[in-house]
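Beneath this line is the structure, given in structure tokens, with notes to follow.
Both counts, for ligands and for their atoms, begin at 1 and track the order of listing. What you see below is based on every heavy atom in this structure, not just the backbone, and it leaves out hydrogens, waters and symmetry mates. Quick caveat: nothing in here was measured; it's all calculated off a predicted structure.
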Amino acid sequence: MKEKLEQIRQAALERIVASDALETLNEIRVAYLGKKGELTSVLKSMKEVSVEERPKVGQMVNETRAVIEAKLEETKARLAKKAREEKLKKEVIDVTLPAKKNHVGHKHPNMIALEEVERIFVGMGYEVVEGPEVEYDYYNFEALNIPKGHPARDEQDTFYVDDRILLRSQTSPVQVRTMEKSRPPIRIIAPGRVFRSDEVDATHSPSFHQIEGLVIDRHITFADLKGTLEVFAKELFGEDTRVKFRPHHFPFTEPSAEVDVSCFKCHGKGCRFCKGSGWIEILGCGMVHPNVLRMCNINPEEYSGFAFGVGLERIALLKYEIDDMRLLYENDIRFLKQF
Ligand code: DAH
């Protein structure tokens with residue numbers, strides 16, 4: 001019995017020392033100390049041992065178990081330590097590696113220009129409002145003094161959804177929607193997307209943006225319009241900018257004008273930028289037509305007002321000296337990154 005125990009001890013210790021994984025240790029524990037393990041089976045055969053011998057043999061079995069258990073624990077600790085060290089070595093962080101760059105987005109030139117325009121008008125007490133891109137013919141044309149058959153309808157090649165509904169060809173319908181909803185005094189700008197059936201080229205696109213302006217109150221005159229747009233032009237293009245009003249025609253304003261600013265590149269002398277004229281056209285404007293006021297239930301005897309419409313892309317192209325509108329729509333990150 002003593003020899004048998006000695007053999008078991010020897011064999012177990014050898015296997016433990018030779019093992020190199022925690023799982024193997026577990027197998028060894030089961031093989032020797034488990035319910036059906038070798039040492040356990042020795043204990044079971046105790047009945048064959050004489051009564052006098054039993055305590056001694058029991059003690060020996062216990063000693064053997066203790067030795068094997070101690071070796072198992074020791075080896076387990078050693079293997080666990082080794083595994084931890086290997087894991088740490090594998091997960092080591094090289095703090096000298098260059099960091100990954102986070103790419104920060106850029107504002108689109110259109111957005112920068114819009115925020116600049118909004119800042120100027122909000123500073124003069126204007127509210128920023130919006131209207132729908134899918135619009136009724138009534139708001140886009142009819143209520144703006146452009147009845148069916150009016151030649152102005154042909155100038156704006158409009159996308160129709162059906163007889164009554166279209167993609168707005170201008171932001172002017174927001175004038176009407178605003179006057180229907182609120183009473184004077186009104187001071188708003190309305191930026192937004194507009195649509196026209198135009199071929200794409202350096203200066204045209206089927207979808208672009210406008211900023212509409214509208215002021216309605218008692219005693220508003222053309223002088224207010226001139227003063228307002230002069231402040232706007234100077235803020236946007238520089239203090240020495242001059243403004244020129246050329247008579248024009250829009251159905252919803254009377255009188256109407258187109259506004260040019262002195263070229264901010266050559267200061268009016270004439271250059272490639274202003275095509276030699278010294279002036280650059282930037283917007284259309286005028287005094288709100290009495291018919292438009294009446295259609296919005298505002299009494300033209302009591303109230304008057306002015307309106308204007310600016311092309312947002314045109315402002316962005318001028319301000320950043322971009323010579324092709326397509327660049328604003330292609331979303332090439334190498335282009336956008338420059339602003
Ligand atoms: N809606 C006009 C267009 O798209 C621009 C315009 C001109 C707007 C004169 C106005 C205005 O409010 O008074 O061509």
Notebook entry, point to check: Got a salt bridge between R9 and E6, using NZ or NE/NH1/NH2 to carboxylate O under 4.0 Å?
Noted result: yes
Note to self: Quick test of your reading of the model: are E74 and K71 salt-bridged, counting only N-O distances below 4.0 Å?
What the structure shows: yes
Check: So, R218 and E302, do they make that salt bridge, N to O below 4.0 Å?
Finding: yes
Less than 3.5 Å apart, N/O on ligand 1 and N/O on the protein: could you list those pairs with the distances?
unit_1, atom_1, unit_2, atom_2, d
ligand 1, 1 (N), Q170, OE1, 2.7
ligand 1, 1 (N), S172, OG, 3.0
ligand 1, 4 (O), R196, NH2, 2.8
ligand 1, 4 (O), Q210, NE2, 2.9
ligand 1, 12 (O), Q175, NE2, 3.1
ligand 1, 12 (O), E212, OE2, 2.6
ligand 1, 12 (O), F308, N, 3.4
ligand 1, 12 (O), F308, O, 3.3
ligand 1, 13 (O), A307, O, 3.2

Margin query: Using the rule side chain to side chain donor-acceptor pair (under 3.5 Å), only one of R153, R168, R164 pairs with D137; which is it?
Written below: R153
Check: Do Q175 and E212 have side-chain atoms, one donor and one acceptor, less than 3.5 Å apart?
Finding: yes
Next item on the list: Could you check whether the rings of F245 and F222 sit parallel, tilted or perpendicular, using 30° and 60° as the cut-offs?
Entry: perpendicular
